[in-house]
There are 2 protein chains.
Amino acid sequence: MVSRSESAAATRRALVDAAAGLLDAGGPEAVTLRDVGARAGVSRGAAYRHFADKESLLTVVAAEKWEWLASDLHGVRDRGGAPEDHVRTALLSLIRVGRTQPHLYRLMFSTPRGDPDTAVRAASLAQDEFLAIVSELVGSDDARRFGALLLTSAHGIAGMELSGHLSADKWHTTAEELVDTLVAASAGSRRSRG
Amino acid sequence: MVSRSESAAATRRALVDAAAGLLDAGGPEAVTLRDVGARAGVSRGAAYRHFADKESLLTVVAAEKWEWLASDLHGVRDRGGAPEDHVRTALLSLIRVGRTQPHLYRLMFSTPRGDPDTAVRAASLAQDEFLAIVSELVGSDDARRFGALLLTSAHGIAGMELSGHLSADKWHTTAEELVDTLVAASAGSRRSRG
DNA sequence: ACTCTACAGTTGACATTGTCATCTGCGGTG
DNA sequence: CACCGCAGATGACAATGTCAACTGTAGAGT
């Protein structure tokens, strides 16, 4: 026998997973509360016992992916390799989310509207991890400046790749090359400043 | 007396303008075909005489802004100043669209779904203009590599600023500083390679 | 052991919206 | 002047987010 709160928690979990699954599979318009309910084994209205509205449910989906990314980035420093490699790995990790889960990626960077705190706090966590990785490469004094530059650039690369605006035909380059250039330039700037 | 085709063209214009206006003012969910029609002085179904569906109408809205950007970028080279200033101005021009018309900006970089050609062609035009501006700074050999880097980075800056993920609190920097750093690094790389 | 309450989940209903089939009116052509 | 084709209007429909009302039961209080 499951307690009431356990059952409710399980339902909530199932709802979030269902929403994430539908988003991944069919994009935003595939995420209907009716289908989310069906996939979670409950009915359409059940979500309103756990979330204020559809937006809030999606906010949780985004926040959980941010948390996943934070933990992924945290693991980067544990594995061996040079600081440069860590930064490269971290940036490519973000880009990989864009490639493998484009709809989820878009959701992560959509303007927070539901409960801003939930998403923003989780995103901030991942950004802190990234900041630590960059510190390793350029030192803590320059970490924020370079961190912002590297992160925004990687996000731009992911975004343009995702929207088809980074065509190899026109630009003669790939996301990987761009990341390499960025990391090399950052490492170079550090050395040249002492 | 207006001819039939003139009147139809005027209606089409009004529909596109109405959609753009509603998008600017109230975001995507404010763009309903009923309101678009009302704003354009026609009824809800009129749009289907000019566009396959809502998506196609929005594709035209995005394409027109890309064309506007292309023409804006074209003007950059005519005004005086150093190549560095031109690149900086061009990047900030993109970022300014993100700031002043966030919903339209998002639409420009959304995955093309309606008639891909319309939007992609217009975007390509703007990118060509940008390429020309970058050539001025780094030479035509490196233009594509640096162009892709600068454009994706600027897009990332715009996107993160727009989604609230580029908080000054955390990163201690601004979009303008990031652009300056990028441009300086590009100009520097060119010199150091000869 | 019995009762009662709070709450998870269901169901009916409704307004909104995109879309299409059908209808209407008129400019242009013979 | 008759006719046709198209721009636009309108009725209808299915899908969807949301909420009010309802139901059943786990768990607390006695």
Side-chain angles (χ1 to χ4, degrees), chain A residues 1-23 25-62 103 107 110-115, chain B residues 1-62 103 107 110-115 118:
Chain A
M1 170 86 64
V2 291
S3 78
R4 170 122 76 170
S5 64
E6 281 169 347
S7 155
T11 298
R12 189 192 141 101
R13 232 341 338 140
L15 287 169
V16 174
D17 290 343
L22 287 170
L23 181 66
E29 67 262 29
V31 185
T32 70
L33 288 184
R34 280 159 176 81
D35 285 352
V36 168
R39 205 181 234 242
V42 291
S43 74
R44 48 178 216 270
Y48 289 90
R49 286 290 148 189
H50 301 273
F51 309 95
D53 52 15
K54 187 184 180 183
E55 192 95 23
S56 300
L57 167 58
L58 287 173
T59 297
V60 172
V61 172
H103 302 298
L107 179 64
S110 69
T111 313
R113 275 187 298 184
D115 178 4
Chain B
M1 171 87 61
V2 290
S3 80
R4 171 121 74 171
S5 65
E6 279 170 348
S7 155
T11 298
R12 189 192 142 101
R13 232 344 335 138
L15 287 169
V16 175
D17 290 343
L22 287 170
L23 181 66
D24 261 4
E29 68 262 30
V31 185
T32 71
L33 289 184
R34 280 158 175 83
D35 285 353
V36 169
R39 204 181 235 243
V42 292
S43 76
R44 45 180 216 267
Y48 287 90
R49 288 289 149 188
H50 301 274
F51 309 96
D53 52 15
K54 185 185 179 180
E55 193 95 23
S56 301
L57 167 59
L58 287 174
T59 296
V60 173
V61 172
H103 302 298
L107 179 64
S110 69
T111 313
R113 276 187 297 184
D115 177 5
T118 309

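Predicted model only: the values in this text are computed from it and were never measured. Proteins come first, then strands; the chains are lettered A, B, ... in the order of their sequence lines, and each starts at number 1.
- In this structure, the side chains of Phe51(A) and Thr59(A) stay at 4.5 Å or more apart for every pair of heavy atoms.
- Atoms CZ and CG, from Arg39(B) and Leu22(B) in turn, are 4.5 Å apart once rounded to the nearest 0.5 Å.
- For Tyr48(A), taking side-chain heavy atoms from C-beta onward, the closest of the listed nucleotides dG8(D), dC19(D), dT10(C) is dC19(D).
- Lys54(B) and Val31(B) make their closest contact through NZ-O, 2.8 Å (heavy atoms, listed as atom of the first residue, atom of the second, distance).
- Protein atom CZ of Arg49(A) is 11 Å distant from nucleotide atom C1' of dA21(D), rounded to whole Å.
- Within residues 12-33 of chain B, the residues having any heavy atom under 4.0 Å from DNA chain C are, by residue number, Val31(B), Thr32(B), Leu33(B).
- When the C1' atoms of four end pairs are superposed on the next four at each end of the helix from dA1(C)-dT30(D) to dG30(C)-dC1(D), using five pairs per end, the two resulting axes differ in direction by 0°, to 10°.
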Using a cutoff of under 3.5 Å, can you pull out all pairs of nitrogen or oxygen atoms linking the protein to nucleotides 12-15 of chain C, with atom names and distances?
| residue | atom | partner | partner atom | Å |
| --- | --- | --- | --- | --- |
| dG12(C) | N7 | Arg44(A) | NH2 | 2.3 |
| dG12(C) | O6 | Arg44(A) | NH2 | 2.4 |
| dA13(C) | N6 | Arg44(A) | NH2 | 3.3 |

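- The two residues Ala19(A) and Val36(A) come nearest to each other via the heavy atoms CA-CG2, 4.0 Å.
- Toward the 5′ end of DNA chain D lies the nearest nucleotide of Ala8(B), the other residue of the pair Lys54(A) and Ala8(B) mapping further downstream.
- Considering all non-hydrogen atoms of both residues, Ala47(B) and Leu15(B) come closest at CA-CD1, 3.8 Å.
- When all heavy atoms of His103(A) and Pro28(A) are compared, the pair lying nearest together is ND1-CD, 3.7 Å.
- To the nearest angstrom, P of dT17(C) lies 17 Å from CG of Asp53(B).
- Arg49(B) is not listed as a side-chain neighbour of Thr11(B), based on a closest heavy-atom distance of 4.5 Å or more.
- Minimum heavy-atom separation, Tyr48(A) to Leu33(A): OH-CD1, 3.4 Å.
- In terms of heavy-atom proximity, Leu107(B) sits nearest to Ser110(B) at O-OG, 2.8 Å.
- dT18(D) atom P lies 10 Å from atom CG of Leu58(A), rounded to whole Å.
- Interatomic distance, Arg44(B) CZ to Thr32(B) OG1, rounded to the nearest 0.5 Å: 11.5 Å.
- For dG8(D), one of the phosphate oxygens OP1 or OP2 lies less than 4.0 angstrom from a side-chain nitrogen or oxygen of Thr11(B).
- The CD atom of Glu55(B) sits 7.0 Å away from atom CG of Leu58(B), with the distance rounded to the nearest 0.5 Å.
- Protein atom NE2 of His50(A) is 6 Å distant from nucleotide atom C1' of dA8(C), rounded to whole Å.
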